[in-house]
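Notes for the one structure printed next.
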Amino acid sequence: MVFACKYVVVALDGKMKKPRLLLTGGSGLLALNWACAMRNRWDVVLGMHQHRAQLAGVDACGLDLQDPTQLGRQLDSLSPDLVVHTAGLTSVDRCEESRESARQANAVIARNVCEATAKKNIVLIHISTDHLFAGERPCYSEQEPVQPINEYGRSKALAEEWVQAACPKSLILRTNFFGWGHRYRQSFSDWLIYNLRAGKPLTLFDDVYFTPILADRLALAAHELIEKGASGIFNLVGPTRLSKYEFGLRVSEHFSLPTSLISRGQLSLATLLAPRPRDMSLDSSKAQQVLGHGVGTIHEYLQELQAQEEAGRRSELLESIDG
């Protein structure tokens, strides 16, 4: 038996014990990087659904996100102090192909997780998206009414609605992150670095904007918001609004890769299955005000990404997932 307060857990024998963190979507890019960022301070468990993951200093287990009753039993067994819900269907085109699959993976499962954690009085962080608006202007705030233009955005907007209704004390984070991925899933920065290292020319949209944040910075700031008692919807993104083209140039320059391989393209001329917002940038001033500080710069994010590779993060994550 333990007693917990502000995630400092003390056992009855007086010894300090790490608080427990459960990440759904444990084989995903965000969950793996989140686990790496927090494993020295938390007892981290990756909740698995399809694939199996293995990381040093991290446990893994199967989770049934389809059945709230069974999930509740698993939460009783695992006894997490905090659940971070990262699981979902993030392929915009796959969501467009199947509205029901998007709704099930992104909204229904989010509601299941929220209801199960609420019944157990477990703190929940729900990961949302920046695909919630029409993209007609820059830097949307949390107060803006959502206006998604594709099925992915609509399913994530519904998830936010259901999570807020079932668990008003949960923390909902709208974000767009990057970091090292694994062999079955690359991030945008992975795709850029691997292709440029291979000498492949790339075309990047110069009319699509976002505010990216490094996955580790997202995790650290999210935990700090929880420590400060934050709840409700927060934009948690980087401070710099960049086009996909500009981000590609920043990555290539930082990793000493040839910028000459990167060409400009336009979303307005592309033929894609699902419509995309041209401006996904978010205003993170609310989060920064609660935190009492900024969340870093794009230059710092890329420095840290490079340092992670040098420390072995890229190699570790590449080998972390079984087929």
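Quick note: residue numbers are just sequence positions, from 1. Predicted model only: the values in this text are computed from it and were never measured.
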| query | Would you say the side-chain atoms of His223 and Trp34 include a donor-acceptor pair closer than 3.5 Å? | reply | yes
| Is the side chain of Asn106 donor-acceptor paired with the backbone N or O of Lys156 at a distance under 3.5 Å, no angle test? | no
| message | Asn176 and side-chain contact (heavy atoms from CB on, under 4.5 Å): which single residue from Leu218, Leu282, Thr129, Asp130 fits? | response | Asp130
| said: Quick check: is Tyr301 connected to Tyr209 through a chain of hydrophobic side chains (ILVMFWY, heavy atoms under 4.5 Å apart)? | reply: no
| query | Is the backbone N or O of Leu65 less than 3.5 Å from a side-chain atom of Asn112, with the two atoms forming a donor-acceptor pair by type? | reply | yes
| query | Looking at residues at least two apart in the chain, or sitting in another chain, which of them share a salt bridge (charged side-chain N to carboxylate O under 4.0 Å, His left out) with Arg73? | reply | none
| query | Would you say the side chain of Leu305 lies within less than 4.5 Å of the side chain of Gln308, judging by non-hydrogen atoms? | reply | yes
| Note, Cys36 side chain near Leu55 side chain (heavy atom, < 4.5 Å) | yes
| task | Would you please classify the geometry between the Trp180 ring and the Phe255 ring as parallel, tilted or perpendicular, with 30° and 60° separating the classes? | result | perpendicular
| Can you name the nearest heavy-atom pair linking Ala274 to Asn150, along with the distance? | CB-CB, 4.4 Å
| said: In the structure I gave you, are the side-chain heavy atoms of Phe188 and Lys244 within less than 4.5 Å of one another anywhere? | reply: yes
| said: Within the structure provided, determine whether Gln266 and Asp206 are in side-chain contact (heavy-atom separation under 4.5 Å). | reply: yes
| query | Any side-chain heavy-atom pair from Leu196 and Ile262 closer than 4.5 angstrom? | reply | yes
| request: Would you check, one step at a time, whether the test salt bridge (charged side-chain N to carboxylate O under 4.0 Å, His left out) holds for Arg174 with Glu142? | output: CA-CA 9 Å; Arg174 295 173 176 171; Glu142 293 87 348; over 6 Å; no
| task | Go through the steps for Arg241 and Asp279 under the test salt bridge (charged side-chain N to carboxylate O under 4.0 Å, His left out), then give the verdict. | result | CA-CA 9 Å; Arg241 175 179 175 268; Asp279 202 321; 2.7 Å; yes
| message | Here's a test for you: under side-chain contact (heavy atoms from CB on, under 4.5 Å), which of Leu225, Leu173, Leu236, Val83 qualifies with Ile125? | response | Leu173
| request: Could you tell me whether the side chain of Tyr140 and the main chain of Gly135 form a donor-acceptor pair under 3.5 Å? | output: yes
| Taking the six-membered ring of Trp162, is the NZ or CZ of Arg111 close enough (under 6.0 Å from the centre) and on axis enough (within 45°)? | yes
| said: Donor-acceptor check, side chain of Gln74 to backbone of Gly62, threshold 3.5 angstrom: yes or no? | reply: yes
| request: Give me the ring orientation class for Phe210 and Phe247: parallel if the planes are under 30° apart, tilted from 30 to 60°, perpendicular past 60°. | output: perpendicular
| Is Ser281 reaching over with its side chain to a backbone N or O of Cys139, donor-acceptor style, under 3.5 angstrom? | yes
| Flag side-chain contact, heavy atom, 4.5 Å: Pro212 against Ile298 | yes
| Which is it for Ile172 and Ser170 under the side chain to side chain contact (heavy atoms under 4.5 Å, CB included) test, yes or no, and what are the steps along the way? | CA-CA 6 Å; Ile172 298 171; Ser170 61; 4.2 Å; yes
| said: Between Glu151 and Arg154, does the salt bridge (charged side-chain N to carboxylate O under 4.0 Å, His left out) criterion hold? Intermediate values first, please. | reply: CA-CA 5 Å; Glu151 290 301 330; Arg154 283 187 276 273; 3.1 Å; yes
| Would you say Cys114 and Gln164 make side-chain contact, with heavy atoms under 4.5 Å? | no
| Lys120 NZ to Asp76 CG distance, which is reported to the nearest 0.5 Å | 3.5 Å
| query | Strictly by modelled atom types, are Gln104 and Gln66 linked by a side-chain donor-acceptor pair under 3.5 Å? | reply | yes
| query | Tell me, do Arg41 and Leu220 make a side-chain contact under 4.5 Å, heavy atoms counted? | reply | yes
| task | Could you tell me whether a side-chain N or O of Lys18 sits under 3.5 Å from a main-chain N or O of Arg39, the two making a donor and an acceptor? | result | yes
| task | Identify the two heavy atoms, one from Ser155 and one from Ala107, that lie closest to each other, and give their separation to 0.1 Å. | result | O-CB, 3.7 Å
| task | Return yes if some donor-acceptor pair links the side-chain N/O of Ser243 with the main-chain N/O of Glu246 below 3.5 Å, else return no. | result | yes
| task | Could you tell me whether a side-chain N or O of His85 sits under 3.5 Å from a main-chain N or O of Ile127, the two making a donor and an acceptor? | result | no
| message | Test your reading of the model: is there a side-chain donor-acceptor pair from Thr24 to the backbone of Ala87, 3.5 Å cut-off? | response | yes
| query | Closest approach of Leu22 and Gly47, non-hydrogen atoms and distance? | reply | CD1-N, 4.0 Å
